[in-house]
Amino acid sequence: MTHRREFLKYLAGSPLMAGLGAGWVSDALAQNSIGGGSSTQTATELALSRLPSNASEALDVFDMRAVASKTIPPAHWGYMMSGVDGEETLRANEEAYKQYQLRARRFVDVSKMDHSVELFGTKYSSPIILSAVGGQKAYHPDGELAVARACKARNQVQMLSTTTSNTVEDVTEARGAPVWFQLYTTNHFEFATKLVQRAEHAGSQVVCVTLDRAAGRNMETATRFLRIDNRTCTNCHTATGSDRRGRPMFSDIELDSNDVTSPQYTWDYIKQLRGVTKMKIVIKGLESREDAALAIKYGADGIIVSNHGGRAQETGRGTLEDLVEVVAEVKGRIPVIVDGGVRRGADVLKALALGATAVGIGRPYIWGLGAFGQEGVERVVEMMNAELRLAMGGVGARTIKEISPNNIVRRA
Ligand SMILES: Cc1cc2nc3c(=O)[nH]c(=O)nc-3n(C[C@H](O)[C@H](O)[C@H](O)COP(=O)(O)O)c2cc1C
């Protein structure tokens, strides 16, 4: 019990939890049901003290987060949870969803629900994409392979990072179908060519070019957690873990630098990339109408409105706010996906009602991975899809196509 109390206090006091939906922790402490030192457990205390012991017991993604905070080592946990600077953007991503409410509708026959979508010619179970997260063995020994198996079981899109800890060939085999490949612009274009052509050869039909990391970043939470982790990092990887040398996708590339997020490129890069691949080119990390217009002008096949989960630049803006201006600019010409702060099926519905074609999740599935491996990831997808169905049913939308701006209203 003491252990549990300490854990809850740690969670409640952690800067990471601010704005991250951990209200139940502080509520429990405020009610004195956890911290009072009473020898008699209240029902609330008992219910709250029980973390899921297996994936199927989790009731929402925050249950997964609570378990993962125990299973993932501090340095890796801090890195994954971290935003940049004071983490205003990280919080803004989630807060933006709270600015919208659902408009309930009644007496619509919602006995048959279908949230499947078609993206770039392939049908998937739902519009929830598992966005690129690098180095997933940091969270579970099976890493991206576990995520691939979960995506196969649930037929969801898996976007594989350039800095994957398993090769694109192995992940594609585990997924049993092509994955989307995420590309960081490298300091030499021939490296990017090699990466892209390798992914294409493995079957990938979509490449997502991430543009939001060109300027470097300041991750204070990651640094704080690194300081309290007394394991020897270099037993498994280089001191910072950010060196691309030794990463599986760079096995046949001779890097002369540690930098894969080169700041040297401009929009011509997309044309250059078009010359070396037949894959659909999706731009990840756009946040403005001007850049949306340029993306279309330079031939992008899709846009992902993203701020890297609040990990790239401290704009203070949530991606849902960015989405509105991007959708207005794109006018349905190419798919617009949004990620950052999506934690509930209702959030998915809100983004779609504002014009998104699909949404991405990052941390939520990594919590599932860290908590219970493949089963944890599957459960995260299952819970969020179930929540999406409930939200759709409540607003009278039976299919993704039926979701419209009428389903939501901006908080007064
Ligand atoms: C630990 C971590 C690693 C990430 N690695 C990558 C990456 O390698 N490439 C990339 O394009 N985005 C990366 N992202 C950003 C995600 O693709 C996604 O945009 C973001 O996580 C969505 O926000 P959310 O975590 O609030 O759902 C990473 C995010 C996290 C949390």
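Keep in mind that the numbers below use all heavy atoms, side chains included, and drop hydrogens, waters and symmetry copies. Both counts, for ligands and for their atoms, begin at 1 and track the order of listing.
For ligand 1, the atoms sitting less than 4.0 Å from at least one non-hydrogen atom of Ser131 are 17 (O), 18 (C), numbered in the order shown with element in parentheses. With ligand atoms numbered from 1 in the order given, ligand 1 contributes 22 (C), 23 (O), 26 (O) to contacts under 4.0 Å with heavy atoms of Gly340. Within the listing of ligand 1, atoms 27 (O) sit less than 4.0 angstrom from a heavy atom of Ile361. Near Ser161, the atoms of ligand 1 lying under 4.0 angstrom from a non-hydrogen atom of the residue are 7 (C), 8 (O).
Under a 4.0 Å heavy-atom criterion, Tyr139 is in contact with ligand 1. Using a 4.0 Å cutoff on heavy atoms, Val133 counts as a contact of ligand 1. In this structure, Met159 has no heavy atom closer than 4.0 Å to ligand 1. Residue-ligand proximity: Gly341 is placed with a non-hydrogen atom under 4.0 Å from ligand 1.
Counting heavy atoms only, Asp339 comes closest to atom 19 (O) of ligand 1 of the residues Thr162, Asp339, Val305, Ile337. Among Arg363, Arg311, Gln182, Met80, the residue whose heavy atom sits closest to atom 30 (C) of ligand 1 is Arg311.
Between Gly362 and ligand 1, a contact under 3.5 Å exists for at least one N or O pair. Inclusion of Val342 in the set of residues having an N or O under 3.5 Å from an N or O of ligand 1 is not warranted.
Glu314 contributes atom CD, which lies 8.5 Å from atom CG of Leu90 (distance to the nearest 0.5 angstrom).
By the 30° and 60° cut-offs, the orientation of the rings of Trp367 relative to Phe62 is tilted.
For the pair Arg311 and Tyr79, the cation-pi criterion (under 6.0 Å, within 45° of the ring axis) is fulfilled.
Under the side chain to side chain contact (heavy atoms under 4.5 Å, CB included) test applied with Leu320, the options Val342, Leu354, Asp347 reduce to a single match, Leu354.
A donor-acceptor pair under 3.5 Å is formed between the side chain of Tyr265 and the backbone N or O of Thr186.
In this model, no donor atom of one side chain and acceptor atom of the other lie less than 3.5 Å apart for Gln99 and Glu95. No side-chain N or O of Thr89 forms a donor-acceptor pair with one of Gln313 less than 3.5 Å apart.
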